[in-house]
Amino acid sequence: MKRLALALGLAALLASQSASAIKVPTGSDDINLNINLLLQPRAEIIFDNTVPDKSTDVDFYLRRARIQISATAYKMFSFMIQTDNSNWGQKGNLANNQGNGQPFIVQDLLVGFTPIEDFTIETGLLLEPGLRIGSYSASGGQGIVETPTAIIFENNAKGFREMGVQLRGFVLARRIHYRLGIFEGVHNTAASAVTPAGAPAANPSGKPMFGGHVRFNILGEETGYAFNQMYLDGKTRSSVGFSVQVQKHGACNVALGVAANTTTCNLTGPVGAAGTTAAAYRMFAGDAFLDVALPGDMEFAVDFGIYRWDFGDNSPRTGVGWGGSVGFRIGPIEPVISGYQYIADDNATAGTATGVSRANDRRKLAAGLTWYLKGHQSKISAEVNSIITGDVRGLVAPATNAIFIQTQAAF
């Protein structure tokens with residue numbers, strides 16, 4: 001059964017590794033079936049300085065409402081499907097989820113085969129092999145602090161998930177953890193209406209995206225499909241990791257000054273020059289993690305990751321982003337500070353009317369407090385934060401300040 005713990009990483013996506021799954025009787029010792037639930041009601045008080053009256057906005061919604069069903073069969077097959085209602089009811093909208101027009105989506109769908117211990121082949125809608133700070137358990141964070149979604153521009157991913165196939169496992173007595181895969185990436189069949197006339201489409205021939213993550217476990221080990229920021233189990237862990245993603249002709253963005261998305265594609269070179277070739281998409285990143293269990297029911301955890309994104313010259317999504325958090329738990333109470341930042345590359349015309357758009361530049365600073373009622377299964381978190389979206393270096397954009405209060409039930 002040891003190899004199945006790697007194959008599934010039970011409760012790692014939805015609930016943290018310290019949460020308990022609901023075991024469903026199957027009548028067979030060869031088949032194990034589990035159900036996990038995650039509920040995260042949130043209240044936000046937003047002090048928006050981007051409007052003339054600096055109004056206060058109060059919002060109640062479900063940050064996450066997830067159901068996960070996972071199973072193992074005959075000690076070598078694994079299955080998992082997870083649904084999600086993210087940001088359900090935000091701004092009073094109960095009919096929409098993450099802008100896709102539906103309140104209910106399949107977040108993950110995985111089929112795995114583990115022929116030998118510590119080696120699994122997986123296919124389906126998978127968590128991409130990015131950095132650790134982008135692969136957190138949804139419930140295993142340090143309080144309310146979450147993955148720095150706003151600085152992560154993975155190619156055509158939905159919540160860091162993408163269709164593909166990957167190898168995942170360990171070598172050298174679990175000192176090295178790897179994830180290597182081939183994914184759909186951007187696959188457009190026609191040039192965008194916003195690109196110059198005669199410009200080529202991005203990746204019409206469907207060349208896949210290749211990605212990989214290698215993690216070195218310095219102290220302890222992590223065997224889950226996703227990771228906790230703080231484990232609460234009395235064990236010390238430390239690791240460093242490196243990631244890369246590449247897709248030929250896969251750079252996908254829109255013209256300068258237009259909001260970025262993955263359905264309209266830009267070109268390499270100065271925007272407005274027709275007939276150039278589509279750019280390659282590249283991501284290179286590294287991170288470090290430390291979680292130290294201390295005497296007297298105390299724990300210290302810190303993580304940091306840095307990304308280099310490349311979507312071609314003059315793209316607002318070509319630049320550098322970083323994110324991290326640090327927390328110190330004393331019994332059931334943990335203060336946390338966190339932050340992230342993304343800055344697009346400069347070029348010869350940056351800052352001019354035709355220079356790189358700063359719409360994707362952003363910065364967040366936050367301080368929070370978490371009360372663990374029963375580990376990650378039941379906790380209450382609060383966070384005070386300040387977010388700047390726009391020209392971070394010039395601080396042209398005003399800050400939006402907010403207070404988040406979130407409760408969690410994970411079982």
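Source: prediction; values computed, not measured.
With rounding to the nearest 0.5 angstrom, the CD atom of Glu222 is 4.0 Å from the CZ atom of Arg132. Note that OG1 of Thr83 and CG of Asn85 are 7.0 Å apart. Values are rounded to the nearest 0.5 Å. Rounded to the nearest 0.5 angstrom, Leu127 CG and Arg161 CZ are separated by 5.0 Å.
Listed for the Asp233 side chain is a donor-acceptor partner under 3.5 Å among the backbone atoms of Lys235. One N or O on the side chain of Gln229 and one on the backbone of Gln142 form a donor-acceptor pair closer than 3.5 Å. Using a distance-only test at 3.5 Å, with no hydrogens or angles considered, no donor-acceptor pair links the side chain of Ser86 to the main chain of Arg64. The closest donor-acceptor contact from the side chain of Trp88 to the backbone of Leu94 lies under 3.5 Å. Side-chain atoms of Gln408 come within 3.5 Å of backbone N or O of Ser139 as a donor-acceptor pair.
Using cut-offs of 30° and 60° for the angle between ring planes, the Trp309 and Tyr307 rings count as parallel. Below 30°, between 30° and 60°, or above 60°: for Tyr231 and Phe289 the angle between ring planes is above 60°, a perpendicular geometry.
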Can you list the steps and then say if Arg317 with Asp310 is a salt bridge (charged side-chain N to carboxylate O under 4.0 Å, His left out)? CA-CA 7 Å; Arg317 292 172 67 167; Asp310 188 349; over 6 Å; no
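Note on residues 175-185: no pairs pass salt bridge (charged side-chain N to carboxylate O under 4.0 Å, His left out), not counting sequence neighbours. The side-chain hydrogen bond (donor to acceptor under 3.5 Å, both in side chains) contacts involving residues 282-294 comprise Arg215-Asp287, where partners must be two or more places apart or lie in separate chains.
By the ring pair (Phe, Tyr, Trp, His ring centres under 6.0 Å) test, Phe183 is found to be paired with no residue, residues two or more places apart in sequence or in another chain being considered.
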